[in-house]
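Quantities reported herein were computed from a predicted structural model and do not represent experimental measurements.
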Amino acid sequence: MMEGTAGVRGRRVADETLLDDVTALADSDPGGMLRFTASAGAQVRESAALAAEANLAALGDEGRPRAVVIAGIGTAGRTGDVLATVAGPRCPVPVIAHRSAGVPGWVGAADVVIAVSASGRSPEALGAAEAAARRGARLVAVGAPDSQLQSVAERARAPFIPVPRRAPARASLWALTVPVLLAARTLGLVKVNEADLAETAARLDADADRCRPAAESFVNPAKSLALGLAGSVPIVWGSSPLATVAARRFGDTLSANARYPVVSGALGEAGRGRVGLLDGVFGGLAESSRDIFADPEEDGVEATRLRVVLLRDGGLNADDDTDEPLAVEERRADALQTLAERRGVRCDVVTAEGGSALERLASLIAVPDFASIYLALAHGLDPMAVPAVTEMKELANP
């Protein structure tokens, strides 16, 4: 065990046996991050109901905007990426995720700003909401009730969708995302209907059941993925724009929950350069020098190696007007698996399922979300408490 002045605790080597000990899992997760993650389906339902109670109809009275800016940081910022990918290339206006304070200089009365903050007090969301109000842009705010963000929205006479703060922001992706999608639907930018939301919630419920703590590793896809990643440098790539959003989300949760360094992004971009990681000192070079007959327990901790996680969209949106033909995306994904196999780099594949873009995205996010938590717990890390984040805030704030 290691303990530092910042309260850092954990194990360098993952304890694989812990993941099949339900009591030990519960003791290792005092903040209840597994429970919060299992509430994703409930988040979809609750947020949809709260959005229905908000006065979003008035948002569409002025017609289609010139552009939509989703302002927020961290998980709140990811909601903009989700909206952009669900809206797809046919979206009639630009959808821009903005992750710094204020709004882009061109934003004005013809635009819509959606300010998102789980706590309702992030400087990025507050600054964007205030700037939107000053410039006469239409504003929608999403965040904790009775927060600073709600006050800004009320002063601007803008719709506010209250999202109860029941979990850390990184476990509240769906609670924050659904109001953003429904606001965009009011503006005519996405075709998300009640059936899509219901099927997405059901998908998240089913994956939460498959990934429950009582399900043993050999039948639990999240535990299996976590054990495969243990001790590696994860490389997470998405085969399509939708899968890339999920890949970047997995990168976020692996870093925040399990404290693993991660490379994540689009496979199309990786093929222009980063796929070379497979040839590097953590990839093919490490695998070529590995003695398959060596005993790790006698020789010490094995050298760190790459582990690729490929998120595949599955070609279920073959009728969409995508930026790239799906056949190209599928061939590229097949090529990556072949390259990894040739170099001895292990590759896990998660394939999207579902009839809508939102449900497919949920199917790519749910299991990796749980896997990041199980990986943290195997290392003796509390995924809820991140000492470096707390210390960073203390050092950076005046």
**Asked** Which pairs, with at least one residue in residues 23-41 and sequence neighbours excluded, count as a side-chain hydrogen bond (donor to acceptor under 3.5 Å, both in side chains)?
**Response** S39-Q43
**Asked** Are side-chain heavy atoms of L50 and P164 found at a separation under 4.5 Å?
**Response** yes
**Request:** Drop me the distance from R165's CZ to S172's OG, to the nearest 0.5 angstrom.
**Result:** 6.5 Å
**Asked** About how many Å separate CH2 of W237 and CG of L310, when rounded to the nearest 0.5 Å?
**Response** 9.5 Å
**Message:** I'd like to check I235 versus F282 (side-chain heavy atoms, cut-off strictly below 4.5 Å). Are they in contact?
**Reply:** no
**Fill in**
Per side chain to side chain donor-acceptor pair (under 3.5 Å), R360 is matched among D313, T85, T200, T351 by D313
**Request:** Test side-chain contact (heavy atoms from CB on, under 4.5 Å) on V275 and L278 and set out the steps.
**Result:** CA-CA 6 Å; V275 75; L278 299 179; 3.9 Å; yes
**Asked** Just wondering, are more than 12 heavy atoms of other shown residues or ligands nearer than 6.0 Å to CD in E341?
**Response** no
**Prompt:** Taking only residues two or more places apart in sequence or in another chain, which ones pass side-chain hydrogen bond (donor to acceptor under 3.5 Å, both in side chains) with S100?
**Reply:** H98
**Request:** Answer yes when K223 and E216 have at least one side-chain N-carboxylate O distance shorter than 4.0 Å, and no when they do not.
**Result:** no
**Request:** Spell out, as yes or no, whether a donor-acceptor pair under 3.5 Å connects the side chain of S47 to the backbone of A175.
**Result:** yes
**Request:** Compare all side-chain heavy atoms of L189 with those of P92 and state whether any distance is below 4.5 angstrom.
**Result:** yes
**Prompt:** Any donor-acceptor pair under 3.5 Å linking the side chain of D111 with the backbone of G108?
**Reply:** yes
**Asked** Who are the side-chain contact (heavy atoms from CB on, under 4.5 Å) partners of S147, not counting sequence neighbours?
**Response** A144, L149, Q150, F160
**Prompt:** Are the side chains of R249 and D369 in touch, meaning some heavy atoms are under 4.5 Å apart?
**Reply:** yes
**Message:** Measuring only between side-chain heavy atoms, which start at C-beta, is R312 closer than 4.5 Å to E329?
**Reply:** no
**Asked** Any Lys/Arg nitrogen of R170 or D252 sitting under 4.0 Å from an Asp/Glu carboxylate oxygen of the other?
**Response** no
**Complete:** For Y260, the ring-ring contact (aromatic ring centres under 6.0 Å, His included) test, sequence neighbours excluded, returns H379
**Request:** Using atom types as modelled and distance alone, determine if a side-chain donor or acceptor of S122 lies under 3.5 Å from a backbone N or O of A118.
**Result:** no
**Prompt:** Should R332 and L336 count as side-chain neighbours, where that means a heavy-atom distance under 4.5 Å?
**Reply:** no
**Qualifying salt bridge (Lys or Arg N to Asp or Glu O under 4.0 Å) pairs, either residue in residues 126-149, two or more places apart** = E62-R138
**Item:** Interatomic spacing from CD in E16 to OG in S217 - rounded to 0.5 Å
**Value:** 8.0 Å
**Fill in**
Note: with side-chain heavy atoms under 4.5 Å as the link, the other cluster members for V389 come out as V386
**Request:** Give a yes or no on whether the backbone of G271 and the side-chain of R274 come within a donor-acceptor separation of less than 3.5 Å.
**Result:** no
**Request:** Output every pair passing salt bridge (Lys or Arg N to Asp or Glu O under 4.0 Å) with a member in residues 201-214, not counting sequence neighbours, ordered by first then second residue.
**Result:** R45-D205, R203-E353, R203-E359, D207-R210, D209-R212
**Asked** Would you say D196's side chain and N193's backbone share a donor-acceptor pair under 3.5 angstrom?
**Response** yes
**Inter-residue atom distance C91.SG - L83.CG, 0.5 Å rounding** = 7.0 Å
**Asked** With sequence neighbours left out, what residues match R185 under salt bridge (charged side-chain N to carboxylate O under 4.0 Å, His left out)?
**Response** E194
**Message:** Is there a side-chain contact between L375 and N257 in this structure, where contact means two heavy atoms from C-beta onward sitting under 4.5 Å apart?
**Reply:** no
**Message:** Among residues at least two apart in sequence or on other chains, which ones pass side-chain contact (heavy atoms from CB on, under 4.5 Å) with T244?
**Reply:** R248, A266
**Message:** Once salt bridge (charged side-chain N to carboxylate O under 4.0 Å, His left out) is applied, do any residues pair with D382, and if so which ones, sequence neighbours excluded?
**Reply:** none
**Request:** Using a strict 4.0 Å threshold on nitrogen-to-oxygen distance, state whether R78 and D81 make a salt bridge.
**Result:** yes
**Prompt:** F36: which other cluster members, linking ILVMFWY side chains closer than 4.5 Å, directly or transitively?
**Reply:** L18, L19, L25, M33, L34, L227, F370, I373, Y374, L377, M384
**Request:** Report, as yes or no, whether the 6.0 Å neighbourhood of atom CZ on R66 holds more than 12 heavy atoms from other residues, nucleotides or ligands.
**Result:** yes
**Item:** Donor-acceptor contact present, side-chain S232 to main-chain G228, <3.5 Å
**Value:** no
**Request:** List, by chain and then residue number, the residues other than M392 in its hydrophobic cluster (Ile/Leu/Val/Met/Phe/Trp/Tyr, side-chain heavy atoms under 4.5 Å); write none if there are no others.
**Result:** none
